[in-house]
Q: 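Submitted below is the structure of interest, expressed as C-alpha cells.
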Protein chains: 2
Amino acid sequence: MSEAAPGLRAEELGAYFALVEVSNLLQYAVDEHLRVDGALSYVQFQVLARLVDSPEGKLRMTDLADGVVYSRSGLTYQAGLLDKRGLITRSPSPDDERSVIVAVTDAGRDLVAQVLPGHVDRVQHLLFEALTADDVAALNSVLGKIRDHMRAAPPRSAKPRARRNQAG
Amino acid sequence: MSEAAPGLRAEELGAYFALVEVSNLLQYAVDEHLRVDGALSYVQFQVLARLVDSPEGKLRMTDLADGVVYSRSGLTYQAGLLDKRGLITRSPSPDDERSVIVAVTDAGRDLVAQVLPGHVDRVQHLLFEALTADDVAALNSVLGKIRDHMRAAPPRSAKPRARRNQAG
DNA sequence: TATTGTTATACTCTATAACTATA
DNA sequence: TATAGTTATAGAGTATAACAATA
C-alpha cells in the first residue's frame, strides 16, 4: 500500500500503521497478562474495573454495556462467567424491575487488586517507558482530539448514532 | 481505576485509555467497512494487502505469518478462505519443497483496489480529519518511538524474543 | 532434528433472533 | 409499544497438538 494510498500522506500512513501495530502489541501483551495472572479476558477485566471504580460497586447491565461497548447478549454471557466464578452478583433492581444490578463481590475486588499492578506495569513498560514528559503530553492531547472527533463524527454511512448494540 | 493506578500518572492513564478507545473505535469502523464492502476480515485484508504490496505479488506462508502476527494454523485457515474465493493461489515453492508460495490473483488485486479507497477514506476521516499537520507529525513520531521500544523490549516475562506462533 | 505447513479438534467469543417481563 | 435482559443457536476465529514432508 506504500504507493497505493490516495488521500493519506506518507506521514499519516505511517501514523496509522504505527497506531495499529502499537495497539495490537499492547493488546496482546495485556490480554496475555490478564489471562495468565487472573484468568480474565480484557472485556471481563473492563467490567470488573468499571464496577470497582463505580461509587457503590454496582451498575446496571445497560450501564456496563454502554461503557464496554458490547452486545447485550455478549455482556450477559460474560457476566454469566464472572457470576459463576463468584466475582460479581446479579440481582433485580428495586427501582426498575426490568433492570439487573451487577455488583462486585469481595472476591472480585481482590482479583482486580491482584491483577491491577501487573496490568499497570505492562502499560507503563510498553507504552511509556521510552517517552519523555513532552511525548506523553503530546500523545494524550492528540489522541484525546481524535477520540472526541470520533465520538462526534460517526462514519458517514452511519445509523442515527445509535449504540452498536441495539436489538435487531 | 482513577485512583488505583500506581505507576501511571493521570496524563499517562488518559493517554492509555484514549489509545484503547481510539483503536477500538477505529478497528470497529474499519472492520465493518471491509466486511460490508469486500466481505473481508481485517486479517484477510492485511494478507491481501501485503501480497499486493510485495514485489512479485507472492510471499511464503511464513513471511505472511511473520507480518500479520498470526498462528500458523490460523493463517492456514484464513488462506484457505481466500483460496476458496479465488483471491489467492497456493503452490509449493520450487526453492524449498516444504514452503508454500501464496500469490494474489487478479481477482484479489481487484478486490483490494475496490476496497482500498474506502478503507483509506475511513482512516482519513476518523483519524486525521481533526488533526493539524503538527498533530500528525507528533503522533507519528511518538507512536513510532513506542513501536520501536516495544519491538526492542519485549515484556519482562518474555520468551527468547521468539515469534508468538511457534509450534508448541 | 528442525522447519514448513496442514488437519483435527475443542473452545471462546460474538451476533442474531426469539422470548419474557416490566414500563 | 418500548425497554431490559436472557436464552438458544449458529458461525467465525483462534489455539493446541498431532501429523506429514522436506531440509
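Residue numbers start from 1 in every chain, and the chains themselves are labelled A, B, ... in the order their sequence lines are given, proteins ahead of strands.
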Q: Over how many whole Å does the gap from A:R35 atom CZ to D:dT16 atom P extend?
A: 7 Å
Q: Want to settle it: does A:E97 or A:S41 sit nearer the 5' end of DNA chain C, counting the closest nucleotide to each?
A: A:S41
Q: Of all the choices, D:dA12, C:dC13, C:dA21, which nucleotide is nearest to the side chain of A:R98 once you look at every atom?
A: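 Looking only at side-chain atoms, A:R98 lies closest to C:dA21.
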Q: A:L64 CG to D:dT6 P: how many Å, rounded?
A: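 These atoms are roughly 11 Å apart.
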Q: I need the CZ-C1' distance between B:R60 and C:dT6, as an integer number of Å.
A: 16 Å
Q: Kindly point out which of C:dT22, D:dA23, C:dC13 is positioned nearest to the side chain of B:D96?
A: D:dA23
Q: Between the base of D:dT16 and the side chain of B:S73, is there a donor and acceptor pair under 3.5 angstrom?
A: yes
Q: Using the side-chain heavy atoms of B:T76, tell me which of these nucleotides is nearest: C:dT7, C:dC13, D:dG13.
A: C:dT7
Q: Starting the side chain at C-beta, find the nucleotide from D:dG13, D:dT6, C:dC13 nearest to A:M61.
A: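 Of all the options, the side chain of A:M61 is nearest to D:dT6.
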Q: Let me know the distance between CG of B:D63 and P of C:dT3, rounded to the nearest Å.
A: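 Atom-to-atom, B:D63 to C:dT3, this comes out as 16 Å.
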Q: For the residue pair A:R90 and A:I101, establish whether any side-chain heavy-atom pair is separated by less than 4.5 Å.
A: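 In short, these two side chains do not touch, never coming nearer than 4.5 Å.
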Q: Can you measure B:L75 atom CG to C:dT7 atom C1' for me and round it to whole angstrom units?
A: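 B:L75 atom CG is separated from C:dT7 atom C1' by 14 Å.
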Q: Nearest to the side chain of A:S99 - D:dG5, D:dT6, C:dC13?
A: D:dG5
Q: Ignoring hydrogens and angles, state whether a donor on the side chain of A:D121 or A:H125 is under 3.5 Å from an acceptor on the partner side chain.
A: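 The criterion, which ignores hydrogens and geometry beyond distance, is not satisfied for A:H125 and A:D121.
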Q: Can you confirm whether A:F45 sits close enough to A:D31 that some side-chain heavy atom of one is under 4.5 Å from a side-chain heavy atom of the other?
A: no
Q: Aromatic ring centroids of A:H119 and B:Y16 under 6.0 Å?
A: yes
Q: Taking the minimum atom-to-atom distance to the side chain of B:R72, which one of D:dG5, C:dT4, C:dC13 wins?
A: C:dT4
Q: Calculate the interatomic distance between B:Q27 atom CD and D:dG13 atom P; express it in whole Å.
A: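 About 13 Å, once rounded to whole Å.
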Q: Any donor-acceptor pair under 3.5 Å linking the side chain of B:S141 with the backbone of B:A137?
A: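 No; judged by distance alone, with no hydrogens or angles, the pair does not exist.
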Q: Measure from OH on B:Y77 to C1' on C:dA8 and round the result to the nearest Å.
A: 14 Å
Q: OP1 or OP2 of C:dT6 sitting under 4.0 Å from any side-chain N/O of B:R90?
A: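 Checking C:dT6 against B:R90, a side-chain N or O does come within under 4.0 Å of OP1 or OP2.
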